[in-house]
Engineer: 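Shown below is the structure under consideration.
A quick note: this is a predicted structure, and the numbers were derived from the prediction, not measured.
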Amino acid sequence: MKLVKKFRPPVEPRSFGSGLIVGCFLVSMTFVMLSRNDISMDHLSILNCLPSSSSSSGDAAPMSSTVEEDTRIRLLGRTKQIDASFINPPDGKGEEGISSSCESNSSDCKTENDTQVLNGPSTGDFNESDGGAPERKPMCDFSDYRLNICDMEGDIRISGKNLSSVMLVTHTGSRERNESWQIRPYPRKYDRSAMAKVRPLNLTSLRRHQEAPECSVNHTVPGILFSTGGHCGNCFHDFADVLVPLFQTAGPFHGQVQFIITNQQGWWMHKYRPYLTKLSSYDVIDYDNDERVHCFDHVVVGLRAERDLMIDPSRAPRGHSIMDFVKLTRSAYSLARERAWAAGGPPGTKPRLLFIARGGTRRFVNLDEVVGMAREVGYEVVATEPDFIDVARFAHVVNSCDVMVGVHGAGLTNFLFLPTNAIVIQVVPLGNLDWIATNFYGDPAMGMNLRYLQYDISVEESTLTELYPRDHRVFQDPESIHKEGWLRLGDVYLKQQNVRLNVNRFRPVLEKALQLLHERN
Ligand SMILES: *[C@@H]1O[C@H](CO)[C@@H](O)[C@H](O)[C@H]1NC(C)=O
Ligand SMILES: *[C@@H]1O[C@H](CO)[C@@H](O)[C@H](O)[C@H]1NC(C)=O
Ligand SMILES: *[C@@H]1O[C@H](CO)[C@@H](O)[C@H](O)[C@H]1NC(C)=O
Ligand SMILES: *[C@@H]1O[C@H](CO)[C@@H](O)[C@H](O)[C@H]1NC(C)=O
Ligand SMILES: *[C@@H]1O[C@H](CO)[C@@H](O)[C@H](O)[C@H]1NC(C)=O
Ligand SMILES: *[C@@H]1O[C@H](CO)[C@@H](O)[C@H](O)[C@H]1NC(C)=O
Ligand SMILES: *[C@@H]1O[C@H](CO)[C@@H](O)[C@H](O)[C@H]1NC(C)=O
């Protein structure tokens with residue numbers, strides 16, 4: 001079956017990834033992407049992502065009434081190896097952002113190249129510092145495909161508003177390396193459209209005798225400087241690009257760390273304040289608007305990250321895992337349920353099933369019918385749209401459930417609020433989207449000790465059948481659409497497509513989930 005085939009990017013992988021707009025913010029982001037207008041995504045996101053009533057038109061024509069072969073319903077066990085594939089290939093496939101400037105075959109799409117060493121550590125005399133001073137490590141590491149990071153120790157002075165730079169004052173002789181770097185502290189550097197929305201910061205080393213600004217504040221704890229620009233506002237990116245990487249970077253300091261944030265937005269800070277206060281005991285410094293000179297002994301500029309929504313414990317400091325992030329989340333939002341429904345619980349209770357009911361694109365067209373079927377199967381059903389503003393409220397709704405069903409999209413990111421051993425069912429639309437479905441949501445869900453089922457819809461369940469004849473290559477040859485680049489791919493498969501689930505074909509998946517809840521918990 002074609003849909004189960006693993007995705008291989010046809011041309012520039014980037015073209016594929018950059019078209020993948022997922023999310024509660026899909027409407028707005030897609031608009032930006034498709035219109036190529038340089039409109040502030042963040043602004044639009046707010047406007048479009050307020051909770052709206054999920055309109056499910058009940059005009060769904062029932063599809064074929066025969067239950068199809070189970071072969072397309074893939075039940076993935078948690079035992080699936082995720083470690084072997086831990087490192088994303090450095091080709092941008094993991095990218096889920098949008099790009100308004102990147103064509104599938106334009107060569108400048110591979111790697112962002114505006115962060116570069118200006119006067120970097122390329123001289124051959126690193127270890128020849130005067131007076132026998134020890135060799136200093138280069139301030140920055142730009143070698144990773146996903147992120148640039150600078151880890152500095154010494155006399156560090158940060159002047160955000162006035163000078164927009166981070167300075168390391170060196171005390172040793174004139175032969176020590178002079179360094180000058182420019183960095184955008186957001187861990188998705190292969191995504192030009194994201195990085196375009198991240199403020200570049202200059203990092204330089206200064207001689208002691210050179211003009212270094214006087215310290216306004218001396219900090220006794222280390223600092224972490226990062227950006228909440230980029231694709232922030234899309235809940236997938238909020239977690240994959242900032243919150244999980246921040247947890248990885250800040251975790252080892254146990255709160256004794258000062259955050260300095262550039263591209264701050266009030267609503268974002270408000271929304272995720274519970275994480276920030278868990279991870280740091282100090283008020284955040286607003287880099288862009290703070291006129292003071294902040295001095296530190298140790299500063300990390302940038303965030304560490306590996307794979308989206310995953311942490312490799314073998315690489316993370318102190319063996320932190322994504323489960324530690326889940327624990328932090330439960331504590332930050334006071335989520336009471338740690339484990340999903342289990343057989344033998346209080347009599348009369350049913351497992352709860354949550355439909356993530358997207359309001360914009362990739363809707364469940366016949367939600368009422370599907371909800372009715374789910375009740376017949378034996379669930380207490382909740383159907384709701386993620387709440388853009390009130391994360392805490394929505395997190396509690398999710399945490400009260402045992403099964404989550406959603407069409408591929410950022411709303412699925414909310415699975416991190418589910419109790420352990422709950423079941424995530426991703427409904428994957430047409431279009432050979434298996435690769436992104438697995439990498440952005442399937443693998444992360446399993447990494448969080450959730451059980452994962454994937455339902456690849458049949459052609460009959462796609463509303464694309466109302467837009468294109470059945471012999472159209474949209475159905476016959478999705479790869480040819482992929483080859484046309486992200487613009488077309490995103491437009492066809494992610495924007496035009498809604499899902500009308502065939503309740504007879506989908507029912508076995510809900511039955512399987514129920515069986516799993518009974519089996520082992
Ligand atoms: C991409 O390739 C196609 C055909 O190979 C060509 O017609 C088109 O102009 C190219 N686009 C860019 C942006 O290079
Ligand atoms: C980045 O730009 C520099 C100078 O323009 C160039 O030498 C280098 O090859 C580029 N690197 C990449 C990865 O494109
Ligand atoms: C510098 O390091 C190289 C090897 O890393 C070594 O061969 C050389 O002797 C060192 N020079 C000094 C002055 O220490
Ligand atoms: C940062 O460095 C770049 C490249 O050297 C320079 O053009 C720019 O003016 C610098 N910005 C600030 C604020 O110093
Ligand atoms: C570093 O800069 C200082 C002052 O501009 C200069 O005197 C010194 O020679 C430079 N050192 C190196 C290794 O380039
Ligand atoms: C910060 O520390 C430096 C060096 O110890 C000291 O000279 C300076 O007065 C201090 N500044 C403030 C504002 O405490
Ligand atoms: C930053 O600039 C403002 C306005 O130019 C000035 O009043 C303030 O003293 C400066 N702050 C520092 C620490 O230099």
Engineer: Would you call K189 and R184 a side-chain contact if the rule is heavy atoms closer than 4.5 Å?
Structural biologist: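 K189 does not reach R184 side chain to side chain.
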Engineer: Take Y493 and V474 through the test side chain to side chain contact (heavy atoms under 4.5 Å, CB included) and record every step on the way to the result.
Structural biologist: CA-CA 9 Å; Y493 294 119; V474 159; 4.0 Å; yes
Engineer: Please walk me through it: do K512 and I423 pass side chain to side chain contact (heavy atoms under 4.5 Å, CB included)?
Structural biologist: CA-CA 10 Å; K512 173 74 183 175; I423 294 159; over 6 Å; no
Engineer: What are the two closest non-hydrogen atoms of F259 and L276, and how far apart are they?
Structural biologist: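 Taking F259 first and L276 second, the nearest heavy atoms are CE1-O, 4.0 Å.
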Engineer: Do the non-hydrogen side-chain atoms of R505 and E460 ever get within less than 4.5 Å of each other?
Structural biologist: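 No, side chains not in contact.
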Engineer: Is there a side-chain contact between L494 and T361, using heavy atoms and a 4.5 Å cut-off?
Structural biologist: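 SC-SC contact between L494 and T361 ruled out.
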Engineer: Decide whether K197 and N263 meet the rule of one side-chain donor and one side-chain acceptor closer than 3.5 Å.
Structural biologist: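 Their side chains do not contain a donor-acceptor pair, so the 3.5 Å distance test is not met.
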Engineer: Does some side-chain heavy atom of V424 sit less than 4.5 Å from a side-chain heavy atom of M448?
Structural biologist: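 SC-SC contact between M448 and V424 ruled out.
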Engineer: Please name the pair of heavy atoms, one in R375 and one in V381, separated by the smallest distance, quoted to 0.1 Å.
Structural biologist: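 Where R375 meets V381 most closely, the heavy atoms are CG-CG2, 3.7 Å.
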Engineer: Please report the interatomic distance CD1(I311) to CD(E306), rounded to the nearest 0.5 Å.
Structural biologist: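 The CD1 atom of I311 sits 7.5 Å away from the CD atom of E306.
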Engineer: I'd like to know if the side chain of Q426 reaches the main chain of A437, judged simply by a donor and an acceptor atom lying under 3.5 Å from each other, with no hydrogens or angles considered.
Structural biologist: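 Between the backbone of A437 and the side chain of Q426 there is a qualifying donor-acceptor contact (under 3.5 Å).
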Engineer: Could you check, using the six-membered ring where one of them is a Trp, whether F239 and Y272 have ring centers closer than 6.0 angstrom?
Structural biologist: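 Aromatic pair counts; centres sit under 6.0 Å.
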Engineer: Got a donor-acceptor contact below 3.5 angstrom from the Q265 side chain to the T228 backbone?
Structural biologist: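 Yes: the side chain of Q265 pairs with the backbone of T228.
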Engineer: Can you measure from OG1 (T465) to CG (L467) and round to the nearest 0.5 angstrom?
Structural biologist: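 If I round to the nearest 0.5 Å, the distance is 7.5 Å.
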Engineer: Taking all heavy atoms of I183 and all of L203, pick out the closest pair and write down the distance.
Structural biologist: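 Heavy-atom minimum between the residues: CG2-CD1, 3.5 Å.
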Engineer: Once rounded to the nearest 0.5 Å, what's the spacing between atom CG of N399 and atom CG of N414?
Structural biologist: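 Answer rounded to 0.5 Å: 11.5 Å.
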Engineer: Between D308 and R146, is there a side-chain N and carboxylate O pair less than 4.0 Å apart?
Structural biologist: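 Yes.
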Engineer: Hey, are the side chains of S458 and N502 touching, using non-hydrogen atoms and a 4.5 Å cut-off?
Structural biologist: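 Heavy-atom side-chain distance check fails, nothing below 4.5 Å.
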Engineer: Would you tell me whether S164 and R199 have side-chain atoms, one donor and one acceptor, within less than 3.5 Å of each other?
Structural biologist: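 There is such a pair between these side chains.
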Engineer: Does a salt bridge link R304 with D151, judged by any charged N lying under 4.0 Å from a carboxylate O?
Structural biologist: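 Result for this pair is yes, salt bridge flagged.
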Engineer: Got a donor-acceptor contact below 3.5 angstrom from the R451 side chain to the L516 backbone?
Structural biologist: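 Confirmed, R451 side chain pairs with L516 backbone.
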Engineer: Any chance you could measure D238, atom CG, to K271, atom NZ, to the nearest 0.5 Å?
Structural biologist: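 D238 CG to K271 NZ: 5.0 Å, rounded to 0.5 Å.
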Engineer: First locate atom OH of Y468, then atom CZ of R473, and finally report the distance between them rounded to the nearest 0.5 Å.
Structural biologist: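 Answer rounded to 0.5 Å: 9.5 Å.
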Engineer: Determine the sole option in Y441, W435, F236 for which the ring-ring contact (aromatic ring centres under 6.0 Å, His included) test with H408 is passed.
Structural biologist: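 That would be Y441; it is the only one of Y441, W435, F236 passing the ring-ring contact (aromatic ring centres under 6.0 Å, His included) with H408.
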Engineer: Any chance you could measure K495, atom NZ, to L489, atom CG, to the nearest 0.5 Å?
Structural biologist: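 One finds 13.5 Å between NZ of K495 and CG of L489.
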Engineer: Look at E385 together with R363 and state whether they make a salt bridge at an N to O cut-off of under 4.0 Å.
Structural biologist: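 Result for this pair is no, no salt bridge flagged.
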Engineer: What are the two closest non-hydrogen atoms of L501 and N366, and how far apart are they?
Structural biologist: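 So the two residues come closest at O-ND2, 2.8 Å.
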Engineer: Side chains of D288 and Q264: do they bring a donor and an acceptor to under 3.5 Å?
Structural biologist: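 There is no such pair (donor and acceptor under 3.5 Å, judged by atom type) between the side chains of D288 and Q264.
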Engineer: Quick check: do Y186 and C232 have side-chain heavy atoms less than 4.5 Å from each other?
Structural biologist: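 Answer yes - side chains close enough.
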Engineer: What residue among Q497, R500, Q496 forms side chain to side chain donor-acceptor pair (under 3.5 Å) with S462?
Structural biologist: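 With S462 as partner, Q497, R500, Q496 yield a single side chain to side chain donor-acceptor pair (under 3.5 Å), made by Q497.
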Engineer: Testing the basics here: between A445 and Y452, what is the closest heavy-atom pair and its distance to 0.1 Å?
Structural biologist: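 Scanning both residues, the minimum pair turns out to be CB-CD1, 4.4 Å.
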Engineer: Just checking Y275 against F325, ring centres under 6.0 Å apart?
Structural biologist: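 Between F325 and Y275, which both carry aromatic rings, the centre distance is below 6.0 Å.
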Engineer: Go through L309 and D443 one step at a time and tell me if the side chain to side chain contact (heavy atoms under 4.5 Å, CB included) criterion holds.
Structural biologist: CA-CA 9 Å; L309 302 178; D443 285 351; over 6 Å; no
Engineer: Which heavy atom of P138 sits nearest a heavy atom of W181, and at what distance?
Structural biologist: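 So the two residues come closest at CB-CZ2, 4.4 Å.
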Engineer: Can M310 and I322 be said to form a side chain to side chain contact (heavy atoms under 4.5 Å, CB included), step by step?
Structural biologist: CA-CA 6 Å; M310 297 177 89; I322 194 71; 5.7 Å; no
Engineer: Is there a side-chain contact between V405 and Y379 (heavy atoms, below 4.5 Å)?
Structural biologist: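 No, too far: nothing below the 4.5 Å cut-off.
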Engineer: Please tell me if the side chains of P185 and L201 come closer than 4.5 Å, counting only heavy atoms from C-beta onward.
Structural biologist: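 When only atoms from C-beta onward are counted, L201 and P185 do touch, with a gap below 4.5 Å.
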Engineer: Donor-acceptor pair, D402 side chain versus A422 backbone, under 3.5 Å?
Structural biologist: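 Answer holds: no.
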Engineer: Would F417 and F394 count as a close aromatic pair, with their ring centres under 6.0 Å?
Structural biologist: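 Ring centroids of F417 and F394 are no less than 6.0 Å from each other.
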